[in-house]
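Working notes, beginning with the structure itself.
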Amino acid sequence: QEQLVESGGGLVQPGGSLRLSCAASGSSFSDSAMGWYRQAPGKQRELVADITSGGSTNYADSVKGRFTISRDNAKNTVYLQMNSLKPEDTAVYYCNQRIKRYIRVYDYWGQGTQVTVSS
């Protein structure tokens, strides 16, 4: 049914940039909210950014002004452009697709991609 495949992670120096991509399968992409989460070692998973089906965006305070989330419904793909990267951005980044049907909520997750920011 719904499958998410992430790409674009890697090792970068502080101040560098990366662009993460998440390609979704299935028929519900354009109706779904999409998000990027991350989890650093020893810490809980946190929301980085999300985007609604209508294109409204939301960002964690820690990444505002540096990260940009966008979506291309024609390609069933959501992106996370990450600029001015800091060591504290190091984490596994996960793509999330959320489908809401009345009171029911369904979450689909990608496999995660490692982002390491280090000198």
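All figures in this text were calculated on a predicted structure; none of them were measured in a lab.
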message: Looking at every non-hydrogen atom in both residues, tell me the closest pair between Ser30 and Ser53 and how far apart they are.
response: O-CB, 3.3 Å
- prompt: Which is it for Arg38 and Leu80 under the side chain to side chain contact (heavy atoms under 4.5 Å, CB included) test, yes or no, and what are the steps along the way?
  reply: CA-CA 12 Å; Arg38 68 186 182 188; Leu80 185 67; over 6 Å; no
query: Once the angle between the rings of Tyr93 and Phe67 is folded into 0 to 90°, is it parallel (under 30°), tilted (30 to 60°) or perpendicular (over 60°)?
result: tilted
message: Between Trp36 and Cys95, is the side chain to side chain contact (heavy atoms under 4.5 Å, CB included) condition met? List the steps.
response: CA-CA 5 Å; Trp36 287 97; Cys95 178; 4.0 Å; yes
message: Using side chain to side chain contact (heavy atoms under 4.5 Å, CB included), reason through Met82 and Val115 one step at a time and then give a plain yes or no.
response: CA-CA 10 Å; Met82 304 184 294; Val115 172; 3.9 Å; yes
task: Indicate yes or no for a side-chain donor-acceptor contact from Gln114 to the backbone of Gly9 under 3.5 Å, with no hydrogens or angles considered.
output: no
message: Please report the interatomic distance CG(Asp107) to OH(Tyr37), rounded to the nearest 0.5 Å.
response: 6.5 Å
statement: When every non-hydrogen atom of Gly112 is compared with those of Val92, the smallest separation belongs to CA-CG1, 3.9 Å
query: Taking 4.0 angstrom as the limit, do Lys64 and Asp61 come out as a salt bridge?
result: yes
task: Would you indicate whether the side-chain heavy atoms of Gln97 and Val78 approach each other to under 4.5 Å?
output: no
Shortest non-hydrogen contact between Ser84 and Ser17, atoms and distance: N-OG, 4.3 Å
Tyr59 side-chain N/O to Ile69 backbone N/O, donor-acceptor pair under 3.5 Å: yes
message: Looking at every non-hydrogen atom in both residues, tell me the closest pair between Ser28 and Ile99 and how far apart they are.
response: CB-CD1, 3.9 Å
task: Tell me, please, whether Phe29 has Arg71 positioned over its six-membered ring: NZ or CZ under 6.0 Å from the ring centre and within 45 degrees of its axis?
output: yes
message: When you measure from the side chain of Ser25 to the backbone of Gln3, do you find a donor-acceptor pair of N or O atoms at a distance under 3.5 Å?
response: yes
- request: Report the distance from atom CG of Asn83 to atom CZ of Arg19, rounding to the nearest 0.5 Å.
  value: 11.0 Å
message: Treating Thr90 as the side-chain partner and Val117 as the backbone partner, does any N or O pair qualify as donor plus acceptor under 3.5 Å?
response: yes
- prompt: Is the backbone N or O of Leu20 less than 3.5 Å from a side-chain atom of Glu6, with the two atoms forming a donor-acceptor pair by type?
  reply: no
query: So, are Asp50 and Arg98 salt-bridged, with charged N and O less than 4.0 Å apart?
result: no
